[in-house]
Amino acid sequence: MAVTYLMLARLPEGRLDAFDAYESAVLPLLAEHGGRLERRLRTLDDRVEAHLVSFPGDEDFAAYRADPRRSSAAPLLESSGAAIELLAVRDVQ
């Protein structure tokens, strides 16, 4: 069953470059695990970024999260100081 997540990243002032470097490393990996970046939004002050991502199933999302290339980019995320919130979401009609 398809799964969709909303990721919110709260970004400290002055650390956007490290966060962008992390995103450049990990976002291309989504497709390799069946994932799709539906939307990528950032507030006007560059302090919060939101991603809406979907995967064919939980196992695909788990494989993306366990990808060693994603893990090797983790120091970039840590150095950005971003506070990440990940929410499983669904469409509401």
Fill in: Heavy-atom pair with the smallest gap, counting every atom of A82 and P12
N-CD, 3.9 Å
Discussion item. Testing the basics here: between P56 and G35, what is the closest heavy-atom pair and its distance to 0.1 Å?
Written reply: CD-N, 4.5 Å
Discussion item. Tell me whether R36 at atom CZ has more than 12 heavy atoms from other residues, nucleotides or ligands lying less than 6.0 Å away.
Written reply: no
Practice prompt. For T43 and V48, indicate whether the former's side chain and the latter's backbone hold a donor-acceptor pair under 3.5 Å.
Written response: yes
Worksheet entry | Minimal non-hydrogen separation, G81 against R15, with atom names | CA-NH1, 3.6 Å
Worksheet item: Atom CD1 of I84 and atom CD of E49: how far apart are they, to the nearest 0.5 Å?
Response: 8.5 Å
Discussion item. As an exercise, state the distance from CG of L29 to CZ of R65, rounded to the nearest 0.5 Å.
Written reply: 13.0 Å
Fill in: Approximate separation, where rounding is to 0.5 Å, of R10 CZ and S80 OG
14.0 Å
Worksheet entry | CG on L86 to CG on L6, rounded to 0.5 Å | 8.0 Å
Worksheet item: Passes salt bridge (Lys or Arg N to Asp or Glu O under 4.0 Å), R42 versus D20? Steps please.
Response: CA-CA 12 Å; R42 191 177 285 168; D20 282 341; 2.6 Å; yes
Worksheet item: Any link between L77 and M7 through a network of hydrophobic side chains (Ile, Leu, Val, Met, Phe, Trp, Tyr) touching at under 4.5 Å?
Response: yes
Response to the item:
Separation between CG (D58) and CE (M1), nearest 0.5 Å, reads 8.0 Å
Worksheet item: If we only count heavy atoms from C-beta on, is the L52 to T4 side-chain gap below 4.5 Å?
Response: yes
Worksheet entry | Residue pairs fulfilling side-chain hydrogen bond (donor to acceptor under 3.5 Å, both in side chains) with at least one residue in residues 68-78, sequence neighbours excluded | E32-R69, D67-R69
Practice prompt. Rounded to the nearest 0.5 Å, what's the gap from CG on L37 to CG on L27? Could you check?
Written response: 6.0 Å
Worksheet item: So which pairs with a foot in residues 48-77 pass ring-ring contact (aromatic ring centres under 6.0 Å, His included), sequence neighbours left out?
Response: Y5-F61, F55-F61, F55-Y64
